[in-house]
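Comments concern the structure below.
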Protein chains: 2
Amino acid sequence: MAEHRTTRHQARAAAIRQIKDEARRQLREDGVHNLSLRGVARSMGFVSSAIYRYFPSRDELLTALIIDAYDALGEAAEQADDPGAPRAQRWARVCRAVRAWALANPAEYMLIYGSPIPGYQAPRDTVGPATRVAKVLTTIAEDAPDSPLSPTLAKQMTDTAAALDSPIAPGAMARVVRAWTQVSGMVSFELFGQFRGAIEPADEFFDAAVADLAEQVGLGS
Amino acid sequence: MAEHRTTRHQARAAAIRQIKDEARRQLREDGVHNLSLRGVARSMGFVSSAIYRYFPSRDELLTALIIDAYDALGEAAEQADDPGAPRAQRWARVCRAVRAWALANPAEYMLIYGSPIPGYQAPRDTVGPATRVAKVLTTIAEDAPDSPLSPTLAKQMTDTAAALDSPIAPGAMARVVRAWTQVSGMVSFELFGQFRGAIEPADEFFDAAVADLAEQVGLGS
DNA sequence: TCTCGTCAAGAGCACTGCTCTCGTAGACTC
DNA sequence: GAGTCTACGAGAGCAGTGCTCTTGACGAGA
């Protein structure tokens, strides 16, 4: 019976893909608060209500875009990693890939690392894709040495490592999380214009910081 | 009210203040994208068009709120600084004050450090207040030792220091900027829910990271 | 006192998210 | 192949939005 349904399913999948592509285009051009279902429908030759057959609400569309963005960024990070290279080099390559993806897809980066959409609750589906970048970075630092932590912090970091399914030591996990917040902070500052007029372009600033971070995490060659 | 003999100017200033207070309330409760001029007018007993006498557009209102937020955060940072204390301690206190302000005023923090409002161009007026926190941190690190930088980076950092009107060495400036991106990154992660379910509460994580940052910046006891 | 500028009010335009109903054409069942 | 079901797009409509324009009143300065 599934065989007979395929054409319908295919058409539906294609429509969903087309809607998301158009939504991404509008996101890029007009920003998230100017992304409207009516606009998407209009430029697809649909009537507005037809969109609701595929996405029951604007939030559902946003959720789909958010999951896609997490996946795309996660994939970029995974592809940039070369398990054969020295760990400090792997770290730097992945971080640069994250920044490159963010600069190439600013609207989608803001969607996932900018202010949360107000009134919007991220459903469970986003949790998995959201951790892909963290997983890559944690894997690279898996053999980094431990360092002392307070009991509370040690438990939080052990839990975090467990959630990422990694045998990394709690102390190393803490350093990875700290470093990741700085990487994300730098990318956000650059993207959100906090560096405007001062640190432009930010390539050297970012690369130098990332290299130092690798050392701080404990990936020294 | 019991106000009499108020000049036009005073009445106008009071109305503006009242509008901003109500707008902040709506911002806190419903998020930025649910902040509407009509809503503000309604809960003030105004008719919608009356608001436009005070703020010619929604963006103008947002700009006012953004400037106020930068100023409030800057003031919190400045008040937290105790010039008589050891520098590492000053650094930690200011960072903790920034986080505390952000946790107490999440909506306003997101307004200034979250995704830029699409289609909204920050006017010149926001530049001054925006630098107050950076200025406090830079002042604390003013005597930190220099470190080697590439020529490009050195120029950018010299310019940044000049913009902040500080005699800080370029290498120290670079470390301050890096550290500040991490502080902001941590606060953003916490506020935007990236730590959810893993690092909660984040007090110890933040305090430990900030203490290490002070050392990395070169504020060792 | 009189003029002028500021103010709130209200109607109105174009837009939004979302809901409902209604034919129809295609997918599945027998 | 005929018949049933259902997913689909069209269209109207509701309540809300930002913003504009006009109108009338009222208070402050000349």
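Values reported hereafter were calculated over all heavy atoms of this structure, with side chains retained and with hydrogens, waters and symmetry mates removed.
- For the pair A:F46 CZ and C:dT16 P, the interatomic distance rounds to 17 Å; values are reported in whole Å.
- Between the CG atom of B:L65 and the CD1 atom of B:I112 there is a distance of 11.5 Å, given to the nearest 0.5 Å.
- Across all strands shown, A:S48 has heavy atoms under 4.0 Å from base atoms, whether or not it also approaches the sugar-phosphate.
- Summarising the geometry, the separation between CD on A:Q26 and C1' on C:dC15 is reported as 13 Å, rounded to the nearest angstrom.
- Contacts of residues 13-21 of chain A with DNA chain C (heavy atom under 4.0 Å): none.
- Shown here are the ring-ring contact (aromatic ring centres under 6.0 Å, His included) partners of A:F195, two or more places apart in sequence or in another chain: A:F189, A:F205.
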Could you write out each protein N or O paired with an N or O of nucleotides 14-16 of chain D at a distance under 3.5 Å?
none

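- At whole-Å resolution of the value, CD in B:Q10 and P in D:dA28 are 11 Å apart.
- Between A:R25 and A:E29 there is a salt bridge, with a side-chain nitrogen of the basic residue lying less than 4.0 Å from a carboxylate oxygen of the acidic one.
- The side chain of A:S57 sits closest to C:dC18 out of D:dG18, C:dC18, C:dC7.
- Between A:K135 and A:D165, none of the side-chain N atoms (NZ, or NE/NH1/NH2) sits under 4.0 Å from a carboxylate O, so this pair counts as no salt bridge.
- The side chain of A:L37 approaches C:dC18 more closely than any other nucleotide in the set C:dC18, C:dC22, D:dC19.
- No side-chain heavy atom of A:V210 sits less than 4.5 Å from a side-chain heavy atom of A:Q182.
- Atom CZ in B:F55 sits about 13 Å away from atom P in D:dC19, given to the nearest Å.
- In this structure, A:Y52 places its OH atom 13 Å from C1' of D:dG13, rounding to the nearest Å.
- A salt bridge is absent between A:R93 and A:D81: the closest approach of a Lys/Arg side-chain nitrogen to an acidic carboxylate oxygen does not fall below 4.0 angstrom.
- Applying the 3.5 Å distance criterion, the base of C:dG10 shares a donor-acceptor pair with the side chain of B:S49.
- B:Y54 has its OH atom 10 Å from the P atom of C:dA9, to the nearest Å.
- Under 4.0 Å is where a charged nitrogen must lie from a carboxylate oxygen, and between A:D82 and A:R90 no such pair does.
- Ion pairing of B:E190 with B:R99 is present here, as a side-chain N (NZ or NE/NH1/NH2) and a carboxylate O approach within less than 4.0 Å.
- Residue B:L61 is classed as having no contact, given no heavy-atom separation below 4.0 Å to the nucleic acid.
- Counting only distance, with no hydrogens or angles, the side chain of B:T181 and the backbone of B:R178 share a donor-acceptor pair below 3.5 Å.
- Summarising the geometry, the separation between CD1 on B:I51 and P on C:dT6 is reported as 18 Å, rounded to the nearest angstrom.
- Distances shown here put a side-chain N or O of B:R12 below 4.0 Å from the OP1 or OP2 atom of C:dC7.
- The CG atom of B:D59 sits 14 Å away from the C1' atom of D:dT17 (whole-angstrom rounding).
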